[in-house]
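Read through the structure below, which is laid out as structure tokens, and then see the notes.
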2 protein chains.
Amino acid sequence: MAGASYPGHMNTPDDDWLRLDQQICFSLHAASRAFNGVYRGILKDLGLTYPQYLVMLVLWEHDELPVKKLGEHLRLDSGTLSPLLKRLEAAGLVRRERSARDERSVEVRLTEEGVALRARALQVPRRIASSTGFGAEEIRMLRARLDELTTALDAAAALAEGQDGPSAAEQPSGASPGLRRM
Amino acid sequence: MAGASYPGHMNTPDDDWLRLDQQICFSLHAASRAFNGVYRGILKDLGLTYPQYLVMLVLWEHDELPVKKLGEHLRLDSGTLSPLLKRLEAAGLVRRERSARDERSVEVRLTEEGVALRARALQVPRRIASSTGFGAEEIRMLRARLDELTTALDAAAALAEGQDGPSAAEQPSGASPGLRRM
DNA sequence: CACAATTAAGTTGTGTGCAATTGAATGGCG
DNA sequence: CGCCATTCAATTGCACACAACTTAATTGTG
């Protein structure tokens with residue numbers, strides 16, 4: 001330990017917060033990448049990347065979906081999804097065709113090969129779960145916690161974006177500041 | 001709801017796992033990106049990206065560090081750090097110089113400007129914390145949980161890499177499949 | 001000392017993630 | 001009907017992440 005000595009600097013609560021901040025944001029970042037790494041190894045057999053697997057999970061539930069809906073499920077925009085879906089299409093797992101009723105929209109649909117892949121994917125979750133060493137209940141609790149966090153963070157981000165405040169001093173606004181748009 | 005109907009498919013525990021898997025891996029992924037988004041907005045003022053901020057946090061603690069050590073702290077390799085550090089150097093926040101004692105190593109050191117930036121960064125954690133709506137204690141608990149998870153996942157990944165099994169059909173090995181090595 | 005193995009950074013290539021922009025299609029409104 | 005704002009997907013540009021490879025320096029061994 002023994003951090004850098006900042007001359008004329010007492011150890012203020014701010015410094016502690018900075019250290020804590022380092023820890024929580026790093027922890028989440030690291031956990032996400034560690035998860036990614038484990039999935040990478042397991043999904044290699046299926047020829048999928050982790051984000052591609054997430055897309056397939058949604059499609060296995062819904063079969064056909066416009067890109068927009070897919071993006072809402074995964075919180076990803078077309079800038080990410082378009083090239084990803086093109087790769088899935090090149091791999092023969094999905095087909096993309098413009099909707100007849102709304103020419104702006106593109107429907108993503110599983111091919112037979114894409115449907116068939118699901119059978120092989122059924123083994124993935126067990127391998128992941130055993131990698132975590134967590135039980136189903138622990139996983140559920142952690143998930144609930146993370147979802148809380150995501151909801152709060154998204155709301156805060158939307159709020160900040162809405163008026164790009166000078167910096168901090170925003171009123172907490174008590175009630176539901178939530179999603180004015182979308 | 002009402003997932004796709006897989007003809008001739010009963011709803012097995014595997015299906016439930018697949019849904020749960022979707023939820024946990026998605027939750028972590030989403031939380032990480034939500035965090036990233038909030039940081040992005042706040043760090044814009046400092047001219048830093050989120051990973052750059054992580055690097056600066058480490059340097060504010062250690063002042064000078066070889067790239068290797070930096071990578072160990074952050075679990076990042078030179079493929080990620082080299083270009084990132086080059087950008088920080090271009091921004092005038094760090095200097096990189098080859099170590100005199102070991103010409104392979106590159107020491108990363110804060111410039112005065114880099115040290116000065118710390119004062120402005122002291123406000124970041126409070127703004128983040130207020131965005132999460134979590135208290136210090138909740139954050140600490142979540143962090144502990146995530147670190148557990150990361151440790152388990154890294155161990156599992158190292159193990160898998162070690163022998164890169166054929167694919168699925170490994171014997172479940174009965175008892176604790178967990179961490180034979182490491 | 002010579003030489004193979006190891007180690008540290010850097011480089012290349014692929015795949016996200018996201019902001020900003022583009023272009024086509026749609027819907028609303030006078 | 002004509003026009004304009006909105007919506008959706010795709011594209012562009014930038015910054016990670018990470019595997020695989022390259023290059024240079026160091027270490028270990030005979």
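Small disclaimer: the values here were computed from a predicted structure and weren't measured. Lettering of chains follows the sequences in order, A, B, ..., and the numbering in each one begins at 1.
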Among the candidates [options], find the nucleotide nearest to the side-chain atoms of [X].
| X | options | result |
| --- | --- | --- |
| B/Arg40 | D/dA15, C/dA19, D/dT26 | C/dA19 |
| B/Ser82 | D/dA15, C/dT11, D/dC18 | C/dT11 |
| A/Val106 | D/dA10, C/dT16, D/dC16 | D/dA10 |

Parallel, tilted or perpendicular: ring planes of B/Tyr39 versus B/Tyr53, cut at 30 and 60 degrees: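 B/Tyr39 and B/Tyr53: tilted rings.
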Over 60° means perpendicular and under 30° means parallel, so classify the ring planes of A/His73 and A/His62, tilted if in between.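 Rings of A/His62 and A/His73: tilted, as their planes differ by 30° to 60°.
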Need one value for [X]: base, sugar-phosphate or nothing, where a base atom within 4.0 Å counts as base even if backbone is also close, heavy atoms only.
| X | answer |
| --- | --- |
| B/Leu81 | nothing |
| A/Ser105 | sugar-phosphate |
| B/Lys86 | sugar-phosphate |
| B/Thr49 | sugar-phosphate |
| B/Pro66 | sugar-phosphate |

N or O in side chain of [X] less than 4.0 angstrom from [N] OP1/OP2:
| X | N | result |
| --- | --- | --- |
| A/Arg33 | D/dC18 | yes |
| B/Arg96 | C/dG10 | yes |
| A/Arg87 | C/dT16 | yes |

B/Arg109 atom CZ, over 12 foreign heavy atoms within 6.0 Å: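 No.
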What's the [atom1]-[atom2] distance between [X] and [N], to the nearest Å?
| X | N | atom1 | atom2 | answer |
| --- | --- | --- | --- | --- |
| B/Asp77 | C/dA8 | CG | P | 13 Å |
| B/His29 | C/dT16 | NE2 | P | 9 Å |
| B/Asp102 | D/dA25 | CG | P | 10 Å |
| B/Leu88 | C/dG10 | CG | P | 13 Å |
| A/Asn36 | D/dA19 | CG | P | 10 Å |
| B/Leu85 | C/dG10 | CG | C1' | 11 Å |
| A/Gln52 | C/dT14 | CD | P | 14 Å |
| A/Leu54 | C/dT16 | CG | P | 10 Å |

Could one point to a donor on the side chain of A/Ser78 or the base of D/dA10 with an acceptor on the other under 3.5 Å away?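 Checked by distance alone, the answer is yes.
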Is a donor-acceptor pair below 3.5 Å formed from side chain B/Arg104 to base D/dT26, judging by atom type as modelled?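 Between D/dT26 and B/Arg104, which were checked side chain against base, a qualifying N/O pair under 3.5 Å is absent.
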Take B/Val67 and A/Gly79, find for each the nucleotide of DNA chain C with the closest heavy atom, and name the residue whose nucleotide sits nearer the 5' end.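 Result of the comparison: B/Val67.
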Nearest-nucleotide 5' precedence on DNA chain C, A/Ala100 against A/Tyr50: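 The 5'-side residue here is A/Tyr50.
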In sequence, state the C-alpha distance, the side-chain angles, and the governing distance for A/Val55 and A/Leu81, and then conclude on side-chain contact (heavy atoms from CB on, under 4.5 Å). CA-CA 9 Å; A/Val55 168; A/Leu81 285 175; 4.1 Å; yes
Charged N-O contact under 4.0 Å between A/Lys86 and A/Glu89: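 No, no charged N to carboxylate O under 4.0 Å.
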Between B/Lys68 and B/Asp102, is there a side-chain N and carboxylate O pair less than 4.0 Å apart?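 Salt bridge: no.
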